[in-house]
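This structure is a prediction, so every number in the text was calculated from the model and none was measured.
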Amino acid sequence: MKKLLMVGTMSVLVFGLAACGSGADSKSSESGEQATKTEEKQETKKEETAKQDVNSSDEAKQDKEVTTKEDVPTGGDTQEKEAEATTPDKATETPKKDTTKKSAEATAPKAGNFSLSAEGFKQSAVAPKTGGTVSLVYLNTTPETADFGPLKVTVKQYKLESVTGANKKMDPYSPESYLANQDGFVVTADVIIENTSASNVNYLAERIQINGGGISKGASLENFVPTAYQLSGSPSAHNIFPAKSKREGAITYMLNKQNYYTLVHLTKLAVPNPNDFAEKALPTKTAKAIDLDFRITE
């Protein structure tokens, strides 16, 4: 009986152990399956993350490509920029127009900057006052001298300018306004008066005349002559030339068209004798005036 009980008890124990073993196996298999599923989920997540990263990098590449395409100027834009770069602006075109005007007016004397130098004499002291068109018609640079002995009068150079369409307002009381209402001409002569005597000499340079065709024109010491270049013997009296002195300045003659066409042939410059104005006679070489050739046209 005891043996039977022992056998039964052992059987029960064996079955219990087998049951426990199967339970443990089932639990271990379940945990293995869970681990496998977890690993699969992790791999799935990694794959999804990798795909997202790939998509993100692709999108970034696309963005960069789009940005690069937008930054690179198209052929049309480049042509427009090149066209703008090669197209001169107005400030660049203006000098071309000025150059054309200067070429067209090459024979016209410049306004202002008149002087008694070779180049300065070619420029006009008339144009700034008259306006309109002032052109240099004739220029003579061959000096001529009326030698009276103690006094010498030299015409160093002279020129003829034509005035057309004067359009500047001029003082109606000024002799220069003679050309305000009509076309005409201005003769300018650069004159040197030298007193070689030991005493002062009284001489009126405004009495030097243009003669020809039966008419004569007296000179002016002021008309169209800048103050700095007016002929004057001394500061106190323009007609008193000190002993052993030399004075240089410009004198002018205004002509209308009729005067010009009358004087243009065989024109002479009549230089008066200093004894015509002297209180005490000078030992001159001649008692008369001296005529100088004074052609005012080619």
Taking C-beta and beyond as the side chain, do [X] and [Y] meet within less than 4.5 Å on heavy atoms?
{"X": "I215", "Y": "L263", "value": "yes"}
{"X": "N239", "Y": "F277", "value": "no"}
{"X": "T188", "Y": "Y229", "value": "no"}
{"X": "N259", "Y": "F185", "value": "no"}
{"X": "T284", "Y": "P274", "value": "yes"}
{"X": "K268", "Y": "D293", "value": "yes"}
{"X": "P242", "Y": "R247", "value": "yes"}
{"X": "K159", "Y": "Q157", "value": "no"}

Heavy-atom closest pair, residues [X] and [Y]:
{"X": "F114", "Y": "A250", "value": "CZ-CB, 4.5 Å"}
{"X": "G120", "Y": "S117", "value": "N-OG, 3.0 Å"}
{"X": "N273", "Y": "A287", "value": "ND2-C, 3.3 Å"}
{"X": "P226", "Y": "A125", "value": "CD-CB, 3.9 Å"}
{"X": "A205", "Y": "A219", "value": "O-CB, 4.2 Å"}
{"X": "Q123", "Y": "N113", "value": "OE1-CB, 3.1 Å"}

Roughly how far, to the nearest 0.5 Å, is [atom2] of [Y] from [atom1] of [X]?
{"X": "F148", "Y": "L282", "atom1": "CZ", "atom2": "CG", "value": "11.0 Å"}
{"X": "S162", "Y": "K257", "atom1": "OG", "atom2": "NZ", "value": "9.0 Å"}
{"X": "S232", "Y": "E248", "atom1": "OG", "atom2": "CD", "value": "13.5 Å"}
{"X": "I210", "Y": "L269", "atom1": "CD1", "atom2": "CG", "value": "6.5 Å"}
{"X": "N211", "Y": "T267", "atom1": "CG", "atom2": "OG1", "value": "9.5 Å"}
{"X": "L136", "Y": "S124", "atom1": "CG", "atom2": "OG", "value": "8.5 Å"}

Is there a donor-acceptor contact under 3.5 Å from the side chain of [X] to the main chain of [Y]?
{"X": "T196", "Y": "G149", "result": "yes"}
{"X": "K168", "Y": "P128", "result": "yes"}
{"X": "N200", "Y": "A243", "result": "yes"}
{"X": "E176", "Y": "F224", "result": "yes"}
{"X": "D171", "Y": "S177", "result": "no"}
{"X": "N195", "Y": "F241", "result": "yes"}
{"X": "N202", "Y": "A278", "result": "no"}
{"X": "S234", "Y": "A237", "result": "yes"}
{"X": "K285", "Y": "D147", "result": "no"}

- Item | E194/T154 under side chain to side chain contact (heavy atoms under 4.5 Å, CB included): CA gap, chis, key distance, verdict | CA-CA 8 Å; E194 182 179 7; T154 300; over 6 Å; no

- Query: Are Y178 and N256 linked by a side-chain donor-acceptor pair shorter than 3.5 Å?
  - Reply: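 N256 and Y178 do have a side-chain donor-acceptor pair below 3.5 Å.
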
- Message: If we count only N and O atoms by modelled type, under 3.5 Å, do the side chains of E206 and H238 hold a donor and an acceptor together?
- Response: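 There is such a pair between these side chains.
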
Transitively linked via ILVMFWY side-chain contacts under 4.5 Å: [X] with [Y]?
{"X": "Y253", "Y": "V264", "answer": "yes"}
{"X": "L204", "Y": "I192", "answer": "no"}
{"X": "Y261", "Y": "V137", "answer": "yes"}

- Mind checking whether Y158 and F294 have parallel, tilted or perpendicular rings, split at 30° and 60°?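 Geometry flag for F294 against Y158: parallel rings.
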
- Message: What verdict does the side chain to side chain contact (heavy atoms under 4.5 Å, CB included) test give for L151 and I193, after you've listed the backbone C-alpha separation in whole Å, the side-chain angles of each residue and the deciding distance to 0.1 Å?
- Response: CA-CA 7 Å; L151 192 78; I193 297 180; 3.8 Å; yes

- Task: Could you go through the side chain to side chain contact (heavy atoms under 4.5 Å, CB included) check for V191 and K156 one step at a time?
- Result: CA-CA 6 Å; V191 176; K156 180 181 174 182; over 6 Å; no

- Testing V153, V155, L292, L231 for side-chain contact (heavy atoms from CB on, under 4.5 Å) with I208, which one passes?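 Testing each of V153, V155, L292, L231 against I208, the sole residue satisfying side-chain contact (heavy atoms from CB on, under 4.5 Å) is V153.
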
- Message: Between T297 and L160, does the side chain to side chain contact (heavy atoms under 4.5 Å, CB included) criterion hold? Intermediate values first, please.
- Response: CA-CA 8 Å; T297 186; L160 174 73; 5.7 Å; no

